[in-house]
Amino acid sequence: MTKPIIRVHNIETDEIIDRLMNDDEYQVYLGEQTKEKEEAEIADKTATDKAALLAKLGLTADEAKLLLS
């Protein structure tokens, strides 16, 4: 996989430079991608667990909100 491109815009001179990420920036980028993927998986599991619990209790999401308000 090629490294993503970073765009640097100097607002004083209006110069725009496009360059490939260096090794350190790329490692941070990969770490962020992994973190975002893990957070999305946790959110999906939480939503699935909530839906299963509501189904088990025979409640809709609106009814559960009403009970908890």
Notebook entry, point to check: Please walk me through it: do E36 and T34 pass side chain to side chain contact (heavy atoms under 4.5 Å, CB included)?
Noted result: CA-CA 5 Å; E36 288 175 8; T34 301; over 6 Å; no

Next item on the list: Quick one: do V8 and E15 satisfy side chain to side chain contact (heavy atoms under 4.5 Å, CB included)? Show the steps, please.
Entry: CA-CA 8 Å; V8 179; E15 179 184 19; over 6 Å; no

Check: Within the distance-only criterion (no hydrogens, no angle test), does the side chain of E63 pair as donor or acceptor with the backbone N or O of T60 below 3.5 angstrom?
Finding: yes

Checklist line | Residues, nucleotides or ligands: over 12 heavy atoms within 6.0 Å of K50 NZ | finding: no

Notebook entry, point to check: So, for A64 and L54, which heavy atoms are closest and what is the spacing to 0.1 Å?
Noted result: CB-CD2, 3.5 Å

Note to self: With clusters defined by side-chain heavy atoms of hydrophobic residues (ILVMFWY) lying less than 4.5 Å apart, directly or transitively, does I6 cluster with L30?
What the structure shows: yes

Item checked: Verdict with reasoning, I16 to R7, per side chain to side chain contact (heavy atoms under 4.5 Å, CB included) -> CA-CA 7 Å; I16 296 175; R7 174 166 282 178; 3.6 Å; yes

Note to self: So which atom in Y26 and which in M21 form the shortest heavy-atom distance, rounded to 0.1 Å?
What the structure shows: CA-SD, 3.9 Å

Checklist line | Min side-chain heavy-atom separation D23-K3 under 4.5 Å | finding: yes

Check: So do the side chains of T13 and N10 get within less than 4.5 Å of each other, counting heavy atoms only?
Finding: yes

Notebook entry, point to check: If you measure from CG on D49 to CG on D44, what distance do you get to the nearest 0.5 Å?
Noted result: 11.0 Å

Note to self: Checking L53 against L59 for the side chain to side chain contact (heavy atoms under 4.5 Å, CB included) test, could you report, in this order, the C-alpha distance in whole Å, the side-chain angles of both residues, the deciding distance, and whether it holds?
What the structure shows: CA-CA 9 Å; L53 180 60; L59 297 173; over 6 Å; no

Check: If only atom types and distance count, is the side chain of E25 paired as donor or acceptor with the main-chain N or O of N22 below 3.5 Å?
Finding: yes

Check: Hey, are K37 and E32 close enough for a salt bridge, meaning a charged N less than 4.0 Å from a carboxylate O?
Finding: no

